[in-house]
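Report on the following structure.
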Amino acid sequence: MASVAARRVLRDRVRANRAASAQRRTVAQAARRVRTGARSLVTHIIATGADRKTVEGVADALRTVAKKKGIKGRRARIRRSFNGARNIVKTVYRYTRAQVAQIAAQYKPRKPEYKAVRAALIAA
């Protein structure tokens, strides 16, 4: 029975290591993309290393601040497919690092994790 427990421990450790390395890879890719050009607000926030829930909350708030302050990103057209059925053309906005820093400077979050993301966006 010891071998069953040992295999379970090893399997759990491998699963945890795989998840951690996937998270590190995602952050590194987003950081590289942000350095090379204008990207979406979500990509900028992912580059700070925030978790998924924090990314969603901060992105919504930053979009609102950008709209209020009149900061417009570069327009881009993307095609979204739903189960391969149809392609819908959607307009999205991409922001440079300077624009994101300007938006983040106007953003006044209350949650501590949102404040940490704001500081990272301003510093970038």
Side-chain angles (χ1 to χ4, degrees):
M1 288 299 185
S3 64
V4 173
R7 282 195 304 252
R8 183 179 303 129
V9 168
L10 286 174
R11 188 173 55 238
D12 291 343
R13 187 181 309 151
V14 166
R15 188 176 293 133
N17 287 341
R18 195 175 294 139
S21 69
Q23 174 67 20
R24 283 193 306 271
R25 242 187 343 267
T26 301
V27 170
Q29 285 174 344
R32 186 178 66 244
R33 289 178 182 149
V34 168
R35 282 193 305 270
T36 59
R39 298 293 174 185
S40 68
L41 287 175
V42 171
T43 305
H44 284 278
I45 299 165
I46 289 172
T48 65
D51 64 338
R52 188 180 186 95
K53 285 291 210 183
T54 305
V55 168
E56 291 171 3
V58 173
D60 289 340
L62 289 180
R63 280 188 204 101
T64 303
V65 171
K67 189 175 181 181
K68 284 181 182 176
K69 298 300 176 183
I71 300 170
K72 297 202 180 233
R74 190 178 74 202
R75 255 181 55 185
R77 308 273 289 182
I78 62 169
R79 293 184 180 276
R80 302 293 296 269
S81 65
F82 295 96
N83 297 326
R86 54 194 170 129
N87 285 330
I88 296 177
V89 177
K90 185 175 179 180
T91 302
V92 296
Y93 295 94
R94 309 259 167 84
Y95 299 88
T96 63
R97 291 167 95 179
Q99 287 174 321
V100 172
Q102 187 179 3
I103 294 167
Q106 302 293 327
Y107 175 47
K108 305 294 184 212
R110 293 185 188 151
K111 288 186 176 182
E113 56 268 16
Y114 289 12
K115 288 180 181 181
V117 170
R118 176 185 181 262
L121 288 173
I122 292 172

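What you see is a predicted model, and the numbers here were worked out from it, not measured in a lab. Atom set for the values below is all heavy atoms of this structure, side chains included, hydrogens, waters and symmetry mates excluded.
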What are the two closest heavy atoms between L121 and A104, and how far apart are they?
CB-CB, 3.9 Å

By side-chain contact (heavy atoms from CB on, under 4.5 Å), T96 pairs with (sequence neighbours left out) A38, A98, Q99

Find out whether R75 and Y93 are in side-chain contact, i.e. whether some heavy atom of one side chain is under 4.5 Å from a heavy atom of the other.
yes

Interatomic distance, I45 atom CD1 to L62 atom CG [nearest 0.5 angstrom]:
5.0 Å

Side chains of R94 and S40: do they bring a donor and an acceptor to under 3.5 Å?
no

Give the minimum heavy-atom separation between A59 and L41, together with the two atoms involved.
O-CD1, 4.3 Å

Exceeds 12 heavy-atom contacts within 6.0 angstrom, atom NZ of K68:
no

Using every non-hydrogen atom in the two residues, find where A61 and Y107 come nearest and quote the distance to one decimal.
CB-CE1, 3.4 Å

Mind checking whether V27 and V100 sit in one hydrophobic cluster, side chains of I, L, V, M, F, W, Y counted as touching below 4.5 Å?
no

If you round to the nearest 0.5 Å, how far is CD1 of I78 from CD1 of I88?
10.5 Å

Not counting sequence neighbours, which residues clear salt bridge (charged side-chain N to carboxylate O under 4.0 Å, His left out) with R63? List them please.
D60

Please name all residues satisfying salt bridge (charged side-chain N to carboxylate O under 4.0 Å, His left out) with R79, sequence neighbours left out, ordered by chain then number.
none

Qualifying side-chain hydrogen bond (donor to acceptor under 3.5 Å, both in side chains) pairs with a residue from residues 44-53, counting only residues at least two apart or across chains:
D51-T54

Short side-chain to backbone donor-acceptor contact, R33 and T43, under 3.5 Å:
no

Locate the shortest heavy-atom distance separating P109 from R118; write the atom from each residue and the value.
CD-CD, 3.5 Å

As an exercise, state the distance from CZ of R80 to NZ of K90, rounded to the nearest 0.5 Å.
5.5 Å

Looking at CZ of R97 and OG1 of T36, how far apart are the two atoms once the value is rounded to the nearest 0.5 Å?
9.5 Å

Shortest non-hydrogen pair, V117 vs A50, comes out as CG2-CB, 3.8 Å

Which residue pairs pass the side-chain hydrogen bond (donor to acceptor under 3.5 Å, both in side chains) test with at least one member in residues 11-28, sequence neighbours excluded?
D12-R15

Distance from Y95 atom OH to R74 atom CZ, nearest 0.5 Å?
12.0 Å

Residues in side-chain contact (heavy atoms from CB on, under 4.5 Å) contact with K67, at least two apart in sequence or another chain:
none

